[in-house]
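What follows is one structure encoded as C-alpha cells, with my remarks underneath.
For the numbers below, each heavy atom of this structure counts, side chains included, while hydrogens, waters and symmetry mates do not. Please read these numbers as outputs of a predicted model, since none were measured by experiment.
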Amino acid sequence: QVELVESGGGLVQAGGSLRLSCAASRRLGGINTMGWYRQAPGKQRELVATITSGISTNYADSVKGRFTISRDNAKNTVYLQMNSLQPEDTAVYYCNYHNNYGLDYWGQGTQVTVSS
C-alpha cells in the first residue's frame, strides 16, 4: 500500500504563488504516473497536471504556463508549483498515484483558496 500526504495549501491573494507537496510513504517503483487533481465546491474533480516516471508532463489547458509539476524520486515526492493564482483556482487539491497495475491511490487533499 501507498499513503499520500499533501501539504502546502493555504490562502493567497490573486496573482500569488503556492507550492504543493505530496509525500508518498514508500518508493514508487516501476512505470507509473503521479498527478494533481482538484475539486471546487459543487463541481466534479478535474485533472490539473500529471507527470510520468519518465518525467513526461501533461497539463490542463486552464493551468498551462502557470503551474509546473515535478517529482523527486529520491524523496518519493511530487510537487505542484502554482504561479499567477486566480480565484477560479480555488479548490481542494488531491495527489494521485497511478501504478503499472492500473491502481489509483489518493491523498486526503489540501485546500487552496485564492481571494480577489
Cluster question for you: counting only ILVMFWY and a side-chain heavy-atom cut-off of under 4.5 Å, with indirect links fine, are [X] and [Y] together?
X   : Y   : result
V5  : V2  : no
Y93 : L18 : yes
V92 : I69 : no
Y94 : I51 : no

(Q) If you apply the rule side-chain contact (heavy atoms from CB on, under 4.5 Å), what do you find for Y97 with V78, and how did you get there? (A) CA-CA 10 Å; Y97 165 58; V78 62; over 6 Å; no
Look at atom [atom1] of [X] and say whether more than 12 heavy atoms of other residues, nucleotides or ligands are closer to it than 6.0 Å.
X   : atom1 : result
I55 : CD1   : yes
Q44 : CD    : no
Q86 : CD    : yes
R26 : CZ    : yes

[X] [atom1] to [Y] [atom2] distance, which is reported to the nearest 0.5 Å:
X   : Y    : atom1 : atom2 : value
N96 : L4   : CG    : CG    : 7.5 Å
F67 : L85  : CZ    : CG    : 5.0 Å
S17 : R66  : OG    : CZ    : 10.0 Å
E3  : C95  : CD    : SG    : 12.5 Å
E6  : W106 : CD    : CH2   : 9.5 Å
T33 : N99  : OG1   : CG    : 10.0 Å

(Q) So does G65 get a backbone contact from the side chain of Y59, meaning a donor-acceptor N/O pair under 3.5 Å? (A) no
Q) Within the side chain of T90, is there an N or O that forms a donor-acceptor pair under 3.5 Å with the backbone of V114? A) yes
Q. side-chain contact (heavy atoms from CB on, under 4.5 Å) between M82 and V63: does it pass, once the steps are laid out?
A. CA-CA 9 Å; M82 304 184 294; V63 306; over 6 Å; no
Residue pair [X] / [Y]: nearest heavy atoms and the distance that separates them:
X   : Y    : result
T77 : K75  : OG1-O, 2.8 Å
H98 : D104 : ND1-OD1, 3.0 Å
A40 : A91  : N-CB, 3.8 Å

**Q.** Contact check, side chains of D89 and R38, non-hydrogen atoms, under 4.5 Å
**A.** yes
Q | Minimum side-chain heavy-atom gap N58-L47 below 4.5 Å | A | yes
**Q.** Any side-chain donor near an acceptor of the partner, R71 and N32, under 3.5 Å
**A.** yes
**Q.** Full working for side-chain contact (heavy atoms from CB on, under 4.5 Å) between N73 and L28
**A.** CA-CA 8 Å; N73 292 330; L28 307 176; over 6 Å; no
(Q) If you apply the rule side-chain contact (heavy atoms from CB on, under 4.5 Å), what do you find for L20 with V112, and how did you get there? (A) CA-CA 9 Å; L20 306 183; V112 172; 4.0 Å; yes
